[in-house]
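Data first, discussion second: the structure below is written as structure tokens.
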Amino acid sequence: MRKPFIVANWKMHKNVEQSVAFLHKVLDRLPNSDHVDIGIAPQSFATYPMIEITQHTNLQIISQNAATKYDGAYTGEISVKDLKDMGINYVMLGHSERRRFFHESNQIVNQKVLAAANIGVTPIVCTNEDEESIVVNNKRYYILRQLHNVLQGLSIEQLQKVILSFEPTSSIGEGHEMNLQLAERGCQLLRQQIRLFYGNDVANKIRILYGGSVNPDNIAQVMDQPDVDGVLIGRASLDPEKFVQMANYQNNYALALQN
Ligand code: PEP
């Protein structure tokens, strides 16, 4: 049984004061970590105060990015080694916005994934569609070339711990909606490829998240899909009330079924 993972991606939103205030609003309303993992990826400067506040809680503080190198003359970069020393266990890598605005190639993402995995920080590896490979509702989506390139060089043991995400750019951000069929199909294809190339054990263990216009109204539906093990949430995660509702989707769903 794969443990669900709910990840908030705050992107370039919230200063330190707002990030800390958010934590104080939500911390005692989050579910027990035996049933679900919950994480927030804030701006880099907010990770430290947030780590301090969440030390004895179930909430994971996640880095939105990290460098390919552990240290050296790389102005403006973030060392995954130092993130680890600070108590960070997860780093998001290869988000479509990193690829689009900062020209991160599969090769760069792969180097970052290896740097993180080799030092014991779990990469949350994002993939998004390109226009050549899968067909859903008469549209083509290509996700698999990225997948194989970014995972190159990982051992089977490392692969089992990696977290993948499928985030179709057609569903991310303002003006877009979640397409449930595409969400499951994308995650299913990722798992099928993992099964084909790395075997049943890895495919059954690896967690695959869906990202794109998830909100309190559709989270239970998408989490109900067989190949979706979690979600990456942008906009809706910035609101503390919505975040608490989504983190508690299991309880809310059970209550709705009872009524
Ligand atoms: C994202 O960019 O990772 C994302 C999922 O954004 P949103 O939820 O706002 O569509």
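All ligand and atom numbering here is 1-based and tracks the order in the structure.
- Residue His95 places a heavy atom less than 4.0 Å from ligand 1.
- Remark: the Gln60 side chain and the Asp37 side chain contain no N/O donor-acceptor pair separated by less than 3.5 Å.
- Residue-to-ligand polar distances keep Gly211 apart from ligand 1: every N/O pair is separated by 3.5 Å or more.
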*Can His95 and Gln64 be said to form a side-chain hydrogen bond (donor to acceptor under 3.5 Å, both in side chains), step by step?*
CA-CA 9 Å; His95 189 278; Gln64 290 183 17; over 6 Å; no
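- Taking every non-hydrogen atom of Gly212 and a distance limit under 4.0 Å, the qualifying atoms of ligand 1 come out as 5 (C), 10 (O).
- Of the N and O atoms on the side chains of Tyr249 and Gln245, not one donor lies less than 3.5 Å from an acceptor on the other residue.
- Ligand 1 places these atoms under 4.0 Å from at least one heavy atom of Arg235: 7 (P), 8 (O), 9 (O), 10 (O).
- In summary, the side chains of Gln43 and His13 do not present any donor paired with an acceptor at a separation below 3.5 Å, with no hydrogens or angles considered.
- For Asn9, every heavy-atom contact with ligand 1 shorter than 4.0 Å involves the side chain, none the backbone.
- Below 4.0 Å from some heavy atom of Leu232 lie the following atoms of ligand 1, by number and element: 5 (C).
- When only interatomic distances are considered, the shortest N/O to N/O separation between Gly234 and ligand 1 falls below 3.5 Å.
- In this model, no donor atom of one side chain and acceptor atom of the other lie less than 3.5 Å apart for Gln192 and Arg195.
- Between atom 2 (O) of ligand 1 and the options Glu97, Lys11, Met92, the minimum heavy-atom separation is to Lys11.
- Using a 3.5 Å distance cut-off with no hydrogens or angles, the side chains of Ser213 and Arg235 do pair a donor with an acceptor.
- Atoms of ligand 1 found under 4.0 Å from any heavy atom of Glu167, numbered from 1 in the order shown, are 1 (C), 3 (O), 4 (C), 5 (C).
- None of Asn106, Asn128, Asn110 except one satisfies the side-chain hydrogen bond (donor to acceptor under 3.5 Å, both in side chains) rule with Gln146; the exception is Asn128.
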